[in-house]
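Everything below concerns the one structure shown next.
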There are 2 protein chains.
Amino acid sequence: MLTRSEEDHIKAVYALLQEDDSAFTKDIAERLHTKASSVSDMLKKLADKGHLKHEPYYGVKLTAKGHALALQLVRKHRLWETFLVERLGFGWDEVHEVAEQMEHVASEKLIDKLDNYLGHPSFDPHGDPIPDRHGRIRARRTKRLSACQQGDTVRIAAVSGTTDGLLRLLDAKGLRIGTVLNVQEVHAFDGSMDVKPKSGSAFSLSKDVSHHLQVENA
Amino acid sequence: MLTRSEEDHIKAVYALLQEDDSAFTKDIAERLHTKASSVSDMLKKLADKGHLKHEPYYGVKLTAKGHALALQLVRKHRLWETFLVERLGFGWDEVHEVAEQMEHVASEKLIDKLDNYLGHPSFDPHGDPIPDRHGRIRARRTKRLSACQQGDTVRIAAVSGTTDGLLRLLDAKGLRIGTVLNVQEVHAFDGSMDVKPKSGSAFSLSKDVSHHLQVENA
DNA sequence: AAAAAAGATTAGACTAGTCTAAAAAACGGG
DNA sequence: CCCGTTTTTTAGACTAGTCTAATCTTTTTT
């Protein structure tokens with residue numbers, strides 16, 4: 001059995017590897033609001049337990065065991081988020097912190113029944129894929145909106161690396177998972193872009209925003 | 001904010017006071033599968049925080065603050081049990097341990113939304129009352145089946161102090177919340193009694209069982 | 001290439017919670 | 001009412017996890 005802190009560290013490593021293909025002590029510490037020295041200790045422990053490989057100064061990789069575990073944690077987190085939004089009526093900007101607690105409830109049976117109750121969803125309220133009980137993820141080819149060109153027409157597939165503030169900003173602009181956008185113009189000097197939703201008038205998005213929007217061709 | 005361990009201790013005190021009108025160090029320790037010395041420490045801490053009064057050697061009483069807190073924990077526990085049984089399809093003998101974990105998730109909003117989602121239930125799957133958000137409990141006048149006399153006709157209202165084994169035994173005998181029974185005979189030498197469900201044939205219940213069944217007049 | 005900066009680890013202290021063992025307090029039967 | 005048992009508390013040790021401060025390694029800058 002793993003402690004909550006151990007699970008948190010594994011999840012942080014997994015998330016960083018997804019985003020950056022690398023996970024360093026300091027980044028893990030930052031994500032967990034803790035100090036590098038604490039992370040250093042914990043990495044040694046998790047390496048001993050066989051969940052990850054830690055080359056000091058060269059970063060962390062998950063073992064197969066650690067990777068499978070991370071996927072189960074992600075699965076739990078995203079299923080609970082789905083439950084909170086679809087069944088309890090939470091806003092998509094309110095659920096992260098609560099799901100963070102629920103994901104540490106330990107019961108295989110609970111998660112399988114929850115999955116079943118929700119109808120085996122493939123994506124959570126932020127558009128992120130939900131691993132199935134074997135850790136399999138529904139494949140999609142998405143790119144960042146910030147990587148799109150003038151003239152592209154794309155559908156919002158997911159909002160990644162979400163902060164509650166970003167989600168509320170998207171709400172305010174009427175942007176949702178599934179919203180179809182046409183890229184009207186990209187401004188070189190600050191990376192901002194003007195986009196026009198299928199219905200509605202055009203507006204501008206900063207690079208900070210477009211960077212976090214995963215889109216697929218529409 | 002209270003730790004999980006602190007919450008567990010307050011809940012144990014509350015439960016013992018309900019059952020026995022008294023809560024002693026050793027009983028709390030037994031209930032929490034811990035040692036009296038650990039409980040002694042924790043009682044001092046909780047007394048300092050103002051959740052309870054601890055007269056060494058004379059037992060523990062909850063303060064108004066501690067009592068309110070215990071009721072909120074009971075509320076959370078029973079709402080989650082209700083969710084697990086009614087929505088996820090767990091058996092009533094499978095939910096205690098999982099609810100024990102879920103009740104420590106901290107979010108007022110979550111509990112209120114869950115309560116709403118479940119339709120503000122007044123009783124959980126074991127027939128125990130669910131405090132409302134203000135800590136109020138629906139009053140009933142129940143007694144133990146073991147206290148009933150020959151000839152009494154009663155309805156099962158709750159199964160208290162539940163162990164999973166007892167619940168499965170009741171399942172096997174077809175006894176549920178709401179089942180109406182007639183007491184046919186009470187045997188003095190071992191306290192067992194013969195009961196007859198409204199539909200079906202009579203059978204015998206040991207005192208161990210009848211002691212845990214809360215009934216009301218039918 | 002040396003110095004400075006950034007990042008990581010180690011060493012040592014502290015907290016919370018638990019335990020065992022021993023001492024203290026209360027209780028109960030002769 | 002006194003001795004032995006039960007219950008409770010205290011004392012001291014241990015673990016897990018965290019922190020700060022100091023040291024070590026790597027990278028960057030000049």
Side-chain angles (χ1 to χ4, degrees), chain A residues 1-17 19-62 66 69-70 73 100-101 103-106, chain B residues 1-17 19-62 66 69 73 100-101 103-104 106:
Chain A
M1 199 63 257
L2 270 68
T3 64
R4 167 152 191 175
S5 178
E6 289 170 334
E7 289 188 349
D8 285 341
H9 280 77
I10 287 179
K11 227 180 40 140
V13 170
Y14 174 83
L16 287 167
L17 289 174
E19 284 172 26
D20 304 345
D21 269 14
S22 70
F24 295 99
T25 305
K26 130 183 115 64
D27 303 310
I28 300 167
E30 189 177 349
R31 184 172 275 259
L32 297 178
H33 306 106
T34 180
K35 302 294 172 187
S37 56
S38 310
V39 172
S40 203
D41 284 352
M42 190 57 82
L43 290 179
K44 201 174 313 141
K45 184 200 280 198
L46 289 172
D48 287 349
K49 290 199 181 185
H51 294 290
L52 49 82
K53 296 282 180 208
H54 182 206
E55 298 277 0
Y57 300 101
Y58 287 91
V60 183
K61 300 290 171 199
L62 292 174
L69 212 143
L73 290 170
E100 200 74 22
Q101 297 183 60
E103 82 193 0
H104 294 289
V105 174
Chain B
M1 197 63 259
L2 270 68
T3 65
R4 166 150 193 177
S5 178
E6 289 170 334
E7 290 188 347
D8 284 341
H9 280 77
I10 287 178
K11 226 181 38 141
V13 170
Y14 174 82
L16 287 168
L17 289 175
E19 284 172 26
D20 303 346
D21 270 14
S22 70
F24 295 99
T25 305
K26 128 183 116 62
D27 303 310
I28 299 167
E30 188 178 351
R31 186 172 272 260
L32 297 178
H33 306 108
T34 180
K35 302 295 173 186
S37 56
S38 310
V39 172
S40 201
D41 284 352
M42 190 58 81
L43 290 180
K44 201 175 312 144
K45 185 200 279 197
L46 289 172
D48 286 350
K49 290 198 180 184
H51 295 290
L52 49 82
K53 295 282 180 208
H54 181 205
E55 298 277 1
Y57 299 101
Y58 288 91
V60 183
K61 300 290 171 199
L62 292 174
L69 211 145
L73 290 169
E100 201 73 23
Q101 297 183 62
E103 82 191 359
H104 294 289

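Throughout, a chain's letter reflects where its sequence line sits, starting with A, and its residues are numbered from 1. Worth knowing before you read on, the calculation uses all heavy atoms, side chains too, and leaves out hydrogens, waters and symmetry mates.
Of the two residues near DNA chain D, B/L43 and A/E6, the one whose nearest nucleotide lies more 5' is B/L43.
OP1 or OP2 of C/dT9 lies within a sub-4.0 Å distance of a side-chain N or O belonging to A/T25. The side chain of B/S5 contributes no N or O atom lying less than 4.0 Å from OP1 or OP2 of C/dA16. The phosphate of C/dG7 has OP1 or OP2 within less than 4.0 Å of a side-chain N or O from A/K26. In this structure, A/K44 reaches the C/dT10 phosphate: one of its side-chain N or O atoms is under 4.0 Å from OP1 or OP2. A sub-4.0 Å separation between OP1 or OP2 of D/dA11 and a side-chain N or O of B/S37 is absent. Distances shown here put every side-chain N or O of A/H54 at or beyond 4.0 Å from the OP1 or OP2 atom of C/dA8.
For the pair B/M42 CE and D/dT9 P, the computed distance is 14 Å after rounding to whole Å. One interatomic measurement links the two molecules: CD of B/E7 to P of C/dA16, which rounds to 16 Å at whole-angstrom precision. Protein atom CZ of A/F24 is 15 Å distant from nucleotide atom C1' of C/dT9, rounded to whole Å. Distance CG (B/L32) to P (C/dC19): 10 Å, rounded to an integer number of Å. Counting to the nearest Å, the P atom of C/dA25 and the CD atom of B/E55 are 16 Å from each other. Note: OH (B/Y58) to C1' (D/dT8) measures 12 Å, nearest angstrom. Nucleotide D/dT18 holds its C1' atom 14 Å from the CG atom of A/D8, rounded to whole Å. Between the CG atom of A/D27 and the P atom of C/dA6 there is a distance of 15 Å, rounded to whole Å.
In this structure, A/E30 places its CD atom where only 12 or fewer heavy-atom neighbours from other residues, nucleotides or ligands lie under 6.0 Å away.
Proximity note for A/Y57 (side chain, C-beta onward) versus D/dT25, D/dT8, C/dC19: the nearest is D/dT25. The side chain of A/D41 sits closest to D/dC19 out of D/dC19, C/dT18, D/dT9. Taking only side-chain atoms of B/A36, from C-beta outward, the nucleotide of D/dT20, D/dT8, C/dT10 with the closest atom is D/dT8.
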inquiry  = Go through it in stages, so that I can follow the logic: the residues are A/R4 and A/D8, the test is salt bridge (Lys or Arg N to Asp or Glu O under 4.0 Å), and I'd like the CA-CA distance, side-chain angles, deciding distance and then a yes or no.
reply    = CA-CA 6 Å; A/R4 167 152 191 175; A/D8 285 341; 3.7 Å; yes
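Of all heavy-atom pairs between A/T25 and A/A36, the closest is CG2-O, 3.5 Å.
B/Y14 is linked by a ring pair (Phe, Tyr, Trp, His ring centres under 6.0 Å) to B/H67, counting only residues two or more places apart in sequence or in another chain. In this structure B/K53 satisfies the side-chain contact (heavy atoms from CB on, under 4.5 Å) test together with B/T63, sequence neighbours excluded.
In this structure, B/S38 reaches the bases: a heavy-atom distance under 4.0 Å links it to at least one base atom across the strands shown.
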